[in-house]
Amino acid sequence: MKLHDPTLIAALIDGQLKGWRRWLVQRHAAKCPTCAVEYREQHHARDLLRNNPPRDVMSDSPDFFWSKVRNEIQRHGPEEISLPEPRLTLADWLREHPAALATVTVAIVALLGAIGLIQFRSKPVAVPVVASSTVEKVTTTVPQASATAFHSADADATVIWVTGLPWTPNMTQMQTLYASLDS
């Protein structure tokens with residue numbers, strides 16, 4: 001016996017095992033502390049059930065009870081009785097089929113990833129439309145830097161685009177770096 005199987009212990013107690021299989025389970029239960037405890041608990045439970053049979057507690061005598069059942073059956077005759085059929089919810093079905101749950105999860109993640117990728121690639125870029133604007137090249141005191149000024153009369157705004165400046169983590173360092181160039 002490779003695993004601690006309570007069903008094999010129950011079959012041993014019920015006398016359902018024969019031959020080598022019975023011998024192997026008995027031997028395992030004698031040596032394995034886990035299975036020995038299981039054997040004692042199941043054997044004790046069977047003894048309790050055998051020594052304490054259930055008591056039938058009926059308000060009517062058995063003959064009177066069955067006569068009421070027979071009368072109800074005769075009264076309804078061949079009338080069909082439809083019983084509601086239980087239906088599994090999606091959660092119940094997925095609990096019964098864990099491989100399907102994994103497959104559905106992978107499919108949903110793949111679908112969401114594909115949707116995100118499509119949306120990421122197809123995002124439109126918003127370009128401001130300026131009705132009338134002037135563009136002029138601005139001279140800079142920083143070597144290798146160029147600046148372009150865009151002025152819109154409609155929006156009454158000017159934007160200056162500067163390229164070629166080295167990156168600095170904050171404006172204070174940039175001011176310090178380029179202060180020497182201005183003087």
Side-chain angles (χ1 to χ4, degrees), residues 1-129 163 165-174:
M1 216 168 99
K2 292 181 182 176
L3 299 174
H4 309 292
D5 190 358
T7 57
L8 285 176
I9 300 294
L12 176 67
I13 292 171
D14 290 341
Q16 296 174 345
L17 298 179
K18 305 291 182 217
W20 280 100
R21 196 159 191 202
R22 180 174 191 220
W23 179 80
L24 286 172
V25 174
Q26 281 177 333
R27 184 173 153 231
H28 179 80
K31 292 183 179 184
C32 174
T34 304
C35 291
V37 169
E38 182 70 29
Y39 179 85
R40 281 193 302 274
E41 286 178 355
Q42 285 193 24
H43 197 55
H44 180 68
R46 296 239 193 305
D47 286 344
L48 284 175
L49 289 172
R50 195 175 303 119
N51 295 333
N52 299 303
R55 295 185 190 134
D56 295 331
V57 179
M58 296 178 68
S59 59
D60 302 328
S61 70
D63 292 333
F64 182 67
F65 172 78
W66 288 114
S67 69
K68 288 194 309 188
V69 170
R70 187 175 33 258
N71 288 339
E72 279 296 311
I73 292 171
Q74 290 172 351
R75 188 171 64 112
H76 286 289
E79 177 183 324
E80 281 191 31
I81 299 173
S82 62
L83 298 175
E85 292 183 23
R87 295 190 178 245
L88 289 178
T89 63
L90 179 61
D92 293 333
W93 188 85
L94 289 174
R95 206 174 301 117
E96 290 293 321
H97 301 87
L101 176 61
T103 304
V104 167
T105 304
V106 168
I108 288 173
V109 168
L111 180 65
L112 291 175
I115 290 171
L117 186 62
I118 290 170
Q119 286 183 347
F120 176 74
R121 287 188 177 179
S122 65
K123 283 187 179 176
V125 177
V127 178
V129 177
T163 59
L165 295 176
W167 182 84
T168 58
N170 58 41
M171 288 300 293
T172 306
Q173 286 183 359
M174 185 179 282

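Starting from 1, each residue takes its place in the sequence as its number.
Contact of the L12 side chain with the L8 side chain is not registered, since no non-hydrogen atoms from C-beta on lie closer than 4.5 Å. Counting heavy atoms from C-beta outward, H44 and L48 have side chains that approach closer than 4.5 Å. Considering only heavy atoms from C-beta on, R46 comes within 4.5 Å of D14 through its side chain.
Contact detail for I13 and Y39: the closest heavy-atom pair is CG1-CE1, 3.6 Å. The minimum heavy-atom distance linking A29 with A36 is given by the pair O-CB, 3.4 Å.
With sequence neighbours left out, K68 forms a side chain to side chain donor-acceptor pair (under 3.5 Å) with D60. W66 meets the ring-ring contact (aromatic ring centres under 6.0 Å, His included) test with no other residue; sequence neighbours excluded.
In this model, no donor atom of one side chain and acceptor atom of the other lie less than 3.5 Å apart for D63 and S61.
Judged by distance alone, the side chain of Q42 and the main-chain N or O of A10 form a donor-acceptor pair under 3.5 Å.
The CD atom of Q26 lies 10.0 Å from the CD1 atom of I9; values are rounded to the nearest 0.5 Å. The distance from the CD atom of E72 to the CZ atom of R75 is 4.0 Å, given to the nearest 0.5 Å.
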N/O donor to acceptor pairs below 3.5 angstrom from side-chain atoms of residues 18-25, sequence neighbours left out:
{"residue": "K18", "atom": "NZ", "partner": "G15", "partner atom": "O", "Å": "3.1"}

